[in-house]
Amino acid sequence: MSAFGSVFMPEMAISWFDGSQWSDTDVVSSDSLQLHPGAHVLHYSSTCFEGLKAFRHEDGSVKVFRMDKNISRLAQSSELLALPAFDEAVMADMIRDIVARFADEVPSPPGSMYIRPTHIGTEPAIGKAAVPSLTSCLYVLLSPVGDYFTGGDKALRLLLDDEGMRCPPHMGMVKSGGNYAGALQPIMKARAEFQADQVLFCPGGDVQETGAANFLLIDGNEIITKALDSSFLHGVTRDSILTLARDMGMDVQERELSVEELLERSARPGCEAALSGTAAVLTAVGTLIYQGKEYPVGNGGIGETTLRLRRALNDIQWGKADDTHGWLTSI
Ligand SMILES: *Cc1c(COP(=O)(O)O)cnc(C)c1O
């Protein structure tokens, strides 16, 4: 199987905003996009994106998971980047239509069709470093993906970084390109120096998230994660897992979690930690690395509650459990 997100369906849905109105949605080849080299996005990072998935159910139907929530997050990201507003209902049609067009290509579980709506500022205006792009382009790419966990489901090693930050605090809730490029150096350094898989950003000792996933601490019946504020990305998977945890009667705590409390709780037997995100669903964290020292989380392996929550979410996505929260959209 190729690397996650490197295979694309041959066509994508696209719409252009010319400064006053959006074009009708078009379906075009997905192998190129014509842009002026001076386009605002290429210089000033006026770009945001989403990541959601469509799943094939046993009866052959295809369902998109939490589409509305992802679309409203794209609208919010666009607003925070001063990109032109778009009609969320039109975006929903773009997603539904392009997924329907490639419905036969949606892999069966544990695979899925990864959907990547993207919004970019297209105005050719390199003088607009401090001015929004008047024109923009929205497109929806599709990428069939296999089982994220093939090749072994290993618990991750995370380096705790309490000095740097992933991105400026007011950009945390924006799913925007520059945030990822900006976090690469600390992540590469953590890989080279500590063989860490990811960096867990904890600015000023406040446990936040990694480069592209939210962090959850599971201690017995308690599940602890940072309360929503503008400094980090409000994951749809985070929200879904917390909802399922509440359904199971767990004590869900959305609050500040300090590095000190994290390390103290991690040492307890039975403690678990996990990363949540659309791509990896819920991935176990086995080791925390802080100030050159390694701290196993619980027994250092993959926790039972982590697996139970992941399965509960997959069961809904795959049509094996009732969609009691109305998270699936038929196409
Ligand atoms: C996308 C993303 C997440 C996870 O969000 P989901 O909606 O669960 O996929 C978490 N953190 C960052 C920084 C992200 O980019």
Side-chain angles (χ1 to χ4, degrees), residues 4-5 45 47-55 64-78 80-81 91 95 112-119 140-141 143 145 148 156 158 161 164-187 190 197-203 206-217 223 225-245 252 254 257 273-283 285 306 309-310 312-314 316-317 325 327-329:
F4 182 94
S45 287
T47 171
C48 53
F49 66 92
E50 272 309 318
L52 66 164
K53 283 173 170 175
F55 297 91
V64 182
F65 185 70
R66 304 205 72 175
M67 182 171 80
D68 295 350
K69 198 135 175 102
N70 282 273
I71 293 174
S72 56
R73 191 170 66 186
L74 186 68
Q76 179 182 271
S77 291
S78 298
L80 293 169
L81 292 167
M91 185 75 229
I95 292 174
S112 60
M113 185 69 87
Y114 186 84
I115 305 167
R116 173 52 65 94
T118 309
H119 191 190
V140 182
L141 278 171
S143 174
V145 294
Y148 195 87
L156 301 178
L158 301 188
D161 179 346
M165 42 175 90
R166 177 183 162 256
C167 65
H170 73 289
M171 284 294 288
M173 64 196 285
V174 190
K175 220 167 166 67
S176 182
N179 286 348
Y180 303 84
L184 286 177
Q185 287 297 351
I187 295 171
D197 296 292
Q198 295 291 338
V199 173
L200 178 57
F201 292 96
C202 312
D206 171 34
V207 177
Q208 201 181 49
E209 64 170 335
T210 64
N214 295 122
F215 179 82
L216 307 170
L217 182 69
I223 178 161
T225 192
K226 188 172 166 61
L228 298 180
D229 68 19
S230 63
S231 73
F232 75 108
L233 208 283
H234 304 176
V236 175
T237 314
R238 171 191 177 281
D239 180 78
S240 307
I241 291 288
L242 295 185
T243 302
L244 295 174
V252 175
E254 295 180 73
L257 173 65
L275 296 183
S276 73
T278 294
V281 189
L282 198 61
T283 307
V285 172
T306 301
L309 287 166
R310 187 206 292 172
L313 182 57
N314 277 152
I316 292 174
Q317 292 174 326
H325 296 284
W327 286 342
L328 299 176
T329 301

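Atoms within a ligand are numbered from 1 in the order they appear, just like the ligands themselves.
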Q) What heavy-atom pair brings Asp197 and Leu156 nearest, and what distance separates the two atoms? A) OD2-CA, 3.4 Å

Q) Is there at least one pair of N or O atoms, one from His234 and one from ligand 1, spaced under 3.5 Å apart? A) no

Q) For ligand 1, is Gly211 a contact, meaning one of its heavy atoms is under 4.0 Å away? A) yes

Q: Just jot down the ligand 1 atoms closer than 4.0 angstrom to any heavy atom of Ala213, in number order.
A: 10 (C), 11 (N), 12 (C)

Q.
For Thr306 versus Leu282, what's the shortest heavy-atom pair and its separation?
A. O-CD2, 3.5 Å

Q.
If we set the cut-off at 4.0 Å for heavy atoms, which region of Phe232 has an atom near ligand 1: side chain, backbone, both, or neither?
A. neither

**Q.** Closest candidate by heavy atom, reference atom 3 (C) of ligand 1, pool Ala212, Ser276, Ala183
**A.** Ala212

Q.
So if I count the atoms of ligand 1 from 1 in the order they appear, which ones are less than 4.0 Å from some heavy atom of Tyr180?
A. 13 (C), 14 (C), 15 (O)

Q.
At less than 4.0 angstrom from any non-hydrogen atom of Val236, what atoms of ligand 1 do you find?
A. 6 (P), 7 (O), 8 (O)

(Q) Arg73 vs Glu50, test: salt bridge (charged side-chain N to carboxylate O under 4.0 Å, His left out). Steps then yes/no. (A) CA-CA 8 Å; Arg73 191 170 66 186; Glu50 272 309 318; 2.7 Å; yes

**Q.** Element-labelled atoms of ligand 1 that are located less than 4.0 Å from some non-hydrogen atom of Arg166
**A.** 13 (C)

**Q.** Distance (rounded to the nearest 0.5 Å) between Ile241 CD1 and Leu313 CG
**A.** 4.5 Å

Q.
Given Arg73, Lys53, Lys175, Met173, identify the one with the heavy atom nearest to atom 1 (C) of ligand 1.
A. Lys175

Q: Check step by step if ring-ring contact (aromatic ring centres under 6.0 Å, His included) holds for Tyr180 and Phe49.
A: CA-CA 12 Å; Tyr180 303 84; Phe49 66 92; 5.4 Å; yes

Q: Do me a favour and list the nearest non-hydrogen protein atom to atom 4 (C) of ligand 1 with residue, atom name and distance?
A: Gly277 CA, 3.9 Å

**Q.** Residue and atom name of the nearest protein heavy atom (relative to atom 9 (O) of ligand 1), distance in Å to one decimal
**A.** Thr278 OG1, 2.6 Å

Q | Closest contact, heavy atoms only, Asp229 versus His234 | A | O-NE2, 2.8 Å

(Q) Pairs of nitrogen or oxygen atoms closer than 3.5 Å, one from Glu209 and one from ligand 1: do any exist? (A) yes

Q.
Please find the pair of heavy atoms, one from Ser143 and one from Met113, that lie closest to each other, and give the distance.
A. C-SD, 3.7 Å

Q) Measuring from the heavy atoms of Glu50, does anything fall under 4.0 Å of ligand 1? A) no

Q) CG of Asp68 to CD1 of Ile95: how many Å apart, nearest 0.5 Å? A) 9.0 Å

Q: Give the minimum heavy-atom separation between Gly51 and Asn70, together with the two atoms involved.
A: O-OD1, 3.3 Å

Q) Quick check: does Thr237 get an N/O under 3.5 Å from an N/O on ligand 1? A) yes

Q.
List ligand 1 atoms under 4.0 Å from Gly235, heavy atoms only on the residue side.
A. 5 (O), 6 (P), 7 (O), 8 (O)

Q) Nearest heavy-atom pair of Phe4 and Ala279: which atoms, and what distance? A) CZ-CB, 3.6 Å

